[in-house]
Amino acid sequence: MYFCLFFRKIPYFMSKRTRIKDILSATPGQDHTVMGWVRTFRNNQFIALNDGSCLANLQIVVDFENEDPTLLKRITTGAAIKIDGELIASQGKGQTVELTAKNIEILGDCDPEVYPLQPKRHSLEFLREIAHLRFRTNTFSAIFRVRHTLAYAIHKFFNDRNFVYLHSPIITGSDAEGAGEMFQVTTLDLNNIPRTDEGDIHFKKDFFGKATNLTVSGQLEAELAALALCDVYTFGPTFRAENSNTTRHLAEFWMIEPEVAFNDLNDNMDLAEDMLKYLIQYVLDHCQEDLLFLEQRLVEEEKQKPQQDRSEMSLIEKLKFCLAHPFERLTYTEAIEILKNSTPNKKGKFQYPIEKWGADLQSEHERYLVEKHFKKPVILTNYPKEIKAFYMRLDEGEKTVRAMDVLFPGIGEIIGGSQREERYDVLLRRMEEMHIPAEEMSWFLDTRRFGTVPHAGFGLGFERLVLFVTGMTNIRDVIPFPRFPGNAEF
RNA sequence: GCCUCCUUAGCUCAGUCGGUUAGAGCGACGGACUGUUAAUCCGCAGGUCCCAGGUUCAAGUCCUGGAGGGGGCGCCA
């Protein structure tokens, strides 16, 4: 650390700051400067200080008898302070080291009468309404450290495998990505929209000279790059203007979309399973303290629930179980047979009974397969072509496509992907069947005209992964500032 | 978009059949204590019962409408 400082050209006052994560494992006997926010001030003597570098607080011991009482009054929950002191072996239980304060400076006062966070448990619903402050809680600081670690691990996973990180466009001129309602992007004056002679909106006068939207998927662009670079992935924001009101949908979310030339559906499943297991293992290795806290939080929360609604496994057990077993792979057709013969189907417990092949699976069916029948992650493949996208490769017999959905307990679909249709004629026919305007997608079709190859890819919902790993249940709690219908606060 | 539940103190909630002065725990504040661990003990303050309208002698409670929030479903990642 001091080595780095030596090379700084500009003096930087924060440079003297020791992070709490570092000081907690430092050797006692040295002076340090720490800065952070007060969690509690006990007994007019013990400050629990947190700077977000880790879950744990640093205990600051104040010599209150020789300290200015008006200063002590300002050490309140939420106040930002700077402490110079000596790190010593703790004289109390509960921590190994503590800092004896030699100098206390209030950086930012915090009026406890109006500060919403109190040294007590708050509901997730309440914290959601004060999302600008919820980072200061144990739960949310843990979630966002885990979220960061997952994001980093994704780049590491792909980089270690020689993938190229592709920045697919966020503004798209294509309205045929086929993944749902889009947000329009325009600089036209909405109070005075220019019209053509026919009365249509005159998009030629818009910023890009055409109608544009926010992307719903980087897949099509990733395919273009994969057919030259072979192994690519995107990791960026994605926007869906669906009126979705659930605990697992957002209007703005982050998606990882690998796309690999020469891969078939089996390679695609292998990549998806390897990646998910790598990411879970990485978090187990690097976020132990946060995971243990989140696990304990879950236990406390589930104490409120009846026995039958509680998890069978603890959070960390669940993650390790996921690593220890191969994901169950089966076709849609096999899944339909299992569901058809399942007890809930026979007893009429499904809201949508399984009657015949071809029906789309409802989330109750997916849950049954994952949570009751197999009790582990499941990859469903080879769905009927009618219920999947135009770009998925037709199987022999032309009834099914080489699609795959990875289903996780509690989350449902965490990955959706497929081997892509690489045959020009077949792709063109499928686009016509599904009313995709081929003339607007010549650039996409060109890859099939010029040196086409089999290839495959998938989309991983980043927040759904964070949900699973943290054991949280509402996707709005694993993204800093969630966007959903009727809400774009902060 | 559909279904359902909720909205009472800063937070979490109780509030009986519609009945007269709306409660608790935690937090905050004041004091005591001073090696505490969301400290403890004593004390004190704190209310537009989400909003609007209606029924009634009387509404936190019943009815209608609206707003906000939770959960489920659909769309999907």
Side-chain angles (χ1 to χ4, degrees), chain A residues 38-48 56-65 72-73 76-78 88 90-95 98 100 110-130 137-138 177-181 216-219 235 237-257 272 300 304 309 350-352 360-367 387-389 405-408 411-417 458-468 473-477 479 484-487 489:
Chain A
V38 176
R39 285 294 177 77
T40 65
F41 185 27
R42 285 184 294 269
N43 224 357
N44 212 22
Q45 190 174 188
F46 303 101
I47 303 168
N57 302 321
L58 173 67
Q59 173 152 293
I60 315 281
V61 184
V62 179
D63 180 10
F64 65 94
E65 283 167 323
L72 293 178
K73 284 281 175 210
T76 59
T77 298
I88 61 164
S90 179
Q91 296 174 35
K93 290 171 184 165
Q95 59 280 314
E98 61 194 21
T100 50
C110 187
D111 182 356
E113 293 276 7
V114 289
Y115 184 55
L117 292 173
Q118 301 157 355
K120 54 167 291 193
R121 177 173 290 275
H122 287 106
S123 69
L124 295 172
E125 291 82 3
F126 172 65
L127 294 172
R128 220 170 277 153
E129 291 176 14
I130 51 164
T137 65
N138 287 336
E177 288 174 357
E181 294 295 313
V216 292
S217 166
Q219 179 199 317
F235 185 177
T238 308
F239 307 88
R240 305 260 168 103
E242 303 287 346
N243 192 7
S244 298
N245 293 288
T246 78
T247 53
R248 53 185 195 286
H249 288 87
L250 290 166
E252 177 184 286
F253 64 100
W254 289 66
M255 187 154 65
I256 297 97
E257 295 180 285
E300 292 296 322
Q304 320 288 327
D309 293 346
F350 283 144
Q351 196 187 337
Y352 299 89
D360 207 350
L361 297 182
Q362 306 297 315
S363 64
E364 59 178 343
H365 306 132
E366 295 177 350
R367 292 184 79 107
I387 57 175
K388 287 292 178 184
D405 284 1
V406 181
L407 310 177
F408 263 36
I411 310 294
E413 185 178 346
I414 197 166
I415 279 178
F458 59 81
L460 166 70
F462 184 56
E463 283 76 16
R464 289 187 181 178
L465 176 66
V466 182
L467 262 190
F468 182 74
T473 52
N474 191 321
I475 203 162
R476 295 170 188 178
D477 292 332
I479 190 167
F484 50 95
N487 197 303
E489 290 300 309

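Letters A, B, ... are given to chains in the order of the sequence lines, protein chains preceding strands, and every chain is numbered from 1.
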Distances under 3.5 Å between protein N/O atoms and the N/O atoms of nucleotides 68-70 of chain B, please, pair by pair.
from	atom 1	to	atom 2	distance (Å)
B:G70	OP1	A:R128	NH1	2.9
B:G70	OP2	A:R476	NH1	3.4

Might you list the N or O atoms of the protein lying below 3.5 Å from N or O atoms in nucleotides 42-45 of chain B, with each pair's distance?
none

Set out, line by line, the N/O atom pairs under 3.5 Å between protein and nucleotides 24-32 of chain B.
from	atom 1	to	atom 2	distance (Å)
B:C26	O2	A:K120	NZ	3.2
B:A28	O2'	A:E113	OE1	3.3
B:A28	O2'	A:E113	OE2	3.4

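Rounded to whole Å, the separation between the C1' atoms of B:U4 and B:C49 comes to 23 Å. For the P atoms, the distance linking B:C13 with B:C3 amounts to 26 Å, nearest Å. A gap of 11 Å separates the C1' atoms of B:G54 and B:A59, to the nearest Å. On the P atoms, B:U40 is 14 Å away from B:G25, given to the nearest whole Å. The C1' atoms of B:C51 and B:U12 are separated by 23 Å, rounded to the nearest whole Å.
Put simply, CG on A:N44 is 15 Å from P on B:U36, counting in whole angstrom units. Here B:U4 presents its C1' atom at 13 Å from CG of A:N245, a figure rounded to the nearest Å. Taking atom CD on A:Q351 and atom P on B:C2, their separation rounds to 16 Å, with Å as the unit. Atom-to-atom, CZ of A:F126 to P of B:U7 comes out at 17 Å; the value is rounded to the nearest Å. Nucleotide B:G71 holds its P atom 14 Å from the NE2 atom of A:H249, rounded to whole Å. One interatomic measurement links the two molecules: CG of A:L124 to C1' of B:U12, which rounds to 13 Å at whole-angstrom precision. We find that CD1 of A:I256 is positioned 20 Å from P of B:C76, with the value rounded to whole Å.
Using a 4.0 Å heavy-atom distance criterion, A:Q95 is classed as a base contact. Among the heavy atoms of the strands lying under 4.0 Å from A:E98 is at least one base atom, whether or not backbone atoms are also near. Contacts of A:F64 with the nucleic acid, taken as non-hydrogen atoms under 4.0 Å apart, include base atoms. Heavy atoms of A:Y352 sit under 4.0 angstrom from primed sugar atoms or phosphate atoms, though from no base atom. Across all strands shown, A:L250 has heavy atoms under 4.0 Å from base atoms, whether or not it also approaches the sugar-phosphate. Nucleic acid contact class of A:S363 (heavy atoms, under 4.0 Å, all strands): sugar-phosphate only.
Taking A:S90 as the reference, A:Q95, A:E98 meet the side-chain contact (heavy atoms from CB on, under 4.5 Å) condition, with sequence neighbours excluded. Among residues two or more places apart in sequence or in another chain, the side-chain hydrogen bond (donor to acceptor under 3.5 Å, both in side chains) test is passed with A:T40 by A:R42. In this structure A:N57 satisfies the side-chain contact (heavy atoms from CB on, under 4.5 Å) test together with A:R39, A:A48, A:N50, sequence neighbours excluded. In this structure, the side-chain contact (heavy atoms from CB on, under 4.5 Å) partners of A:T137, at least two apart in sequence or on a different chain, are A:L117, A:L127, A:T139, A:F140. By the side-chain hydrogen bond (donor to acceptor under 3.5 Å, both in side chains) test, A:T246 is found to be paired with A:H249, residues two or more places apart in sequence or in another chain being considered. For A:D477, the salt bridge (Lys or Arg N to Asp or Glu O under 4.0 Å) criterion is met by A:R128, A:R134, not counting sequence neighbours. The side-chain contact (heavy atoms from CB on, under 4.5 Å) test applied to A:F484 returns A:R476, A:P482, A:N487, not counting sequence neighbours.
A stacked arrangement is assigned to A:F253 and the six-membered base ring of B:A77, with a centre-to-centre distance below 5.5 Å and an interplanar angle below 30°.
Within the structure, side-chain hydrogen bond (donor to acceptor under 3.5 Å, both in side chains) pairs that include any residue of residues 111-126 of chain A comprise A:Y115-A:R136 (at least two apart or interchain).
A donor-acceptor contact shorter than 3.5 Å links the side chain of A:E242 to the backbone of A:E181. Although no hydrogens or angles enter the test, the distance criterion places a donor-acceptor pair under 3.5 Å between the side chain of A:R464 and the main chain of A:E413.
A 4.5 Å side-chain heavy-atom check between A:D360 and A:Y352 finds every atom pair outside the cut-off.
Residue-to-nucleotide contacts include no donor-acceptor pair under 3.5 Å from the side chain of A:H122 to the base of B:C11. Judged by distance alone, with hydrogens and angles left aside, A:E65 brings no side-chain donor or acceptor close enough to the base of B:U34 to form a pair under 3.5 Å. Within 3.5 Å, a donor on the side chain of A:R464 pairs with an acceptor on the base of B:C76, or the reverse. Judged by distance alone, with hydrogens and angles left aside, A:S244 brings no side-chain donor or acceptor close enough to the base of B:C76 to form a pair under 3.5 Å. Put simply, the side chain of A:R240 and the base of B:A77 share a donor and an acceptor less than 3.5 Å apart.
Helical stems in RNA chain B, defined as runs of 3 or more consecutive Watson-Crick or G-U wobble pairs with both donor-acceptor distances under 3.5 Å, are listed by first residue as B:1-7 with B:67-73, B:10-13 with B:23-26, B:29-32 with B:40-43, B:50-54 with B:62-66.
The two residues A:V216 and A:T238 come nearest to each other via the heavy atoms O-CG2, 3.1 Å.
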